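Quick notes on the structure that follows.
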Protein chains: 2
Amino acid sequence: MSFTEFQKTVNLSKQRIYSEAFAQYRQSIRVKKEMTAVKNLSRIFDATLRISNKKGFPSMTMRDLSRETGLSMGALYTCFSSKEDLLEMLQRQGRLIVDRFLKQATEAETEPRAKLNGAVKTHLYLSEAMQPWFYFSYMEAKNLTKKQAKMAVDSELYTEQVFLDILNEGQERGVFVPRDYRLMASLIKAMVQDWYLKRRKYAKRQVSVDQYADFVLALVEAFCLAPQEVTTLNQEE
Amino acid sequence: MSFTEFQKTVNLSKQRIYSEAFAQYRQSIRVKKEMTAVKNLSRIFDATLRISNKKGFPSMTMRDLSRETGLSMGALYTCFSSKEDLLEMLQRQGRLIVDRFLKQATEAETEPRAKLNGAVKTHLYLSEAMQPWFYFSYMEAKNLTKKQAKMAVDSELYTEQVFLDILNEGQERGVFVPRDYRLMASLIKAMVQDWYLKRRKYAKRQVSVDQYADFVLALVEAFCLAPQEVTTLNQEE
DNA sequence: GTCTATACACAGATAGAC
DNA sequence: GTCTATCTGTGTATAGAC
């Protein structure tokens, strides 16, 4: 799947998930009509990401948010019960989308190299399609409650584990040579993160997400691929 | 130089630089005796890093800082004129140390592979010796003034340029094969940053800074080294 | 449901005693 | 030089009119 197609499916699923978010938070939300709630919540989430990614969530005031959304303070507080509650909702709905996409994507391939390729591309595509949310989650991790922070760390470790499992399986099957794959998985994660953390730098240099993905994969394979696989690769070309 | 030796030289130079910081900020500091100022400033800087790296600089209150340093609010404000001023001083003194060490380190080697090795190790050692400051600078970049933010970005690009120059020179001399070295330099930087951003994760897994450095270098060389260099490498062993 | 006006808490900063 | 007590601004959150 190309990135453009991927982007579309993410946007579609966003709408569904906003509705689900409303259902889940119905208790803590005063607004009763779903349409109003979803419409406002999506504006609020977008505005929160825009403002927070400029000056940080703790420095974003409710008056900032009121200005950016065009809603009054009163209207804002019918959608959430506190600033902390807003953070939690934003956090949760983002993870909902991410989890859904990552789970479905890892099931497609079976061959280790194709699996690795798929995993890296899915992660990069997803972080590109939801860049503001990924950036926000990384930078505001400190402001989360203990429970929320643990979930954030867990989901990061889960990602790493996906890479690690693929690398280990590849080694067992003789596709990859023995290496410290724990460390390798961490570094793949680090490189994937750099893509959304330094989004502007790469945009300025006109590096596309596909170029980035291919480069990271080539780098990792140069280090991990067994010699016979490299030969196979050359014959294919 | 081993990391332990490196650590010592950094600590020595810290003392000198605190004195210099005092000299530089003499105008905006009310305290007159150098000894008092330096003693307090170093306590304040350390406490600021400790608190901010837990909850973020904007969420750190002056009362937090007062508690952590054991100094009263009044005493704090004799050392700096505002919270923003404190941020600027901390930022500047950190960069002073970093610049000094990076400049002196790049001059030592001439051969491309040794140069790359030296550059990566110096960066990792320095970020390890001053981990709280590096973490702080990365995370609080949003809170800096425009001028300060530009300096932070510049110094990041400078680092990348150091790696890029080494890689390009290596390619010209036939030690490295042709690659997109702009992107390669960015990824090296990303991996170096991951070391100080995820300090706890690596500590928990008992990965030492030397292990990390060696792994990153092996990964990069597997991708960039010309075939004849790999042969040379194997013969050496 | 949405607005305006306001309550209340707490932040940064300083004055003045010692 | 350092302390305690206090000023003033601004942030979150809500009450009540429309």
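Computed from a prediction, not measured in an experiment: that's the story for all the values here. Residue numbering restarts at 1 for every chain, and letters A, B, ... go by the order of the sequence lines. Worth knowing before you read on, the calculation uses all heavy atoms, side chains too, and leaves out hydrogens, waters and symmetry mates.
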When the distance from CD1 of A:Ile44 to C1' of C:dT2 is rounded to whole Å, what number comes out?
-> 12 Å
With respect to the side chain of A:Lys83, which nucleotide from D:dT4, C:dT2, D:dA13 is positioned closest?
-> D:dA13
Residue A:Lys54 excluded, over 12 heavy atoms near NZ under 6.0 Å | no
Please state whether the rings of B:Phe134 and B:Tyr196 are parallel, tilted or perpendicular, taking 30° and 60° as the class boundaries.
-> tilted
Nearest 0.5 Å, what's the OG-CG distance between A:Ser52 and A:Leu90?
-> 8.0 Å
Does a salt bridge link B:Asp64 with B:Arg67, judged by any charged N lying under 4.0 Å from a carboxylate O?
-> yes
Sub-4.0 Å heavy-atom contacts from residues 54-68 of chain A onto DNA chain D, ordered by number | A:Met60, A:Thr61, A:Met62, A:Arg63
Is it true that the NZ or CZ of B:Lys83 lies under 6.0 Å from the centre of B:Phe57's six-membered ring and within 45 degrees of the ring axis?
-> yes
How bent is the helix from C:dG1-D:dC18 to C:dC18-D:dG1, comparing axes over its five end pairs at each side, to the nearest 10°?
-> 10°
Residues two or more places apart in sequence or in another chain: which of them pass side-chain contact (heavy atoms from CB on, under 4.5 Å) with B:Tyr77?
-> B:Met62, B:Phe80
Looking at the side chain of A:Ser82, which of D:dT2, D:dA13, C:dT2 is the nearest nucleotide?
-> D:dA13
So with a 6.0 Å cut-off around CD of B:Glu84, is the heavy-atom count from everything else above 12?
-> no
The side-chain contact (heavy atoms from CB on, under 4.5 Å) partners of B:Thr122 (sequence neighbours excluded) come to B:Leu102, B:Ala105
Stacked cation flag B:Lys103 on B:Tyr158, 6.0 angstrom / 45 deg = yes
Enumerate all atom pairs, one protein N or O and one N or O from nucleotides 14-18 of chain C, separated by less than 3.5 Å.
none

Here the ring pair (Phe, Tyr, Trp, His ring centres under 6.0 Å) pairs for residues 84-106 of chain B, sequence neighbours left out, are B:Phe6-B:Phe101
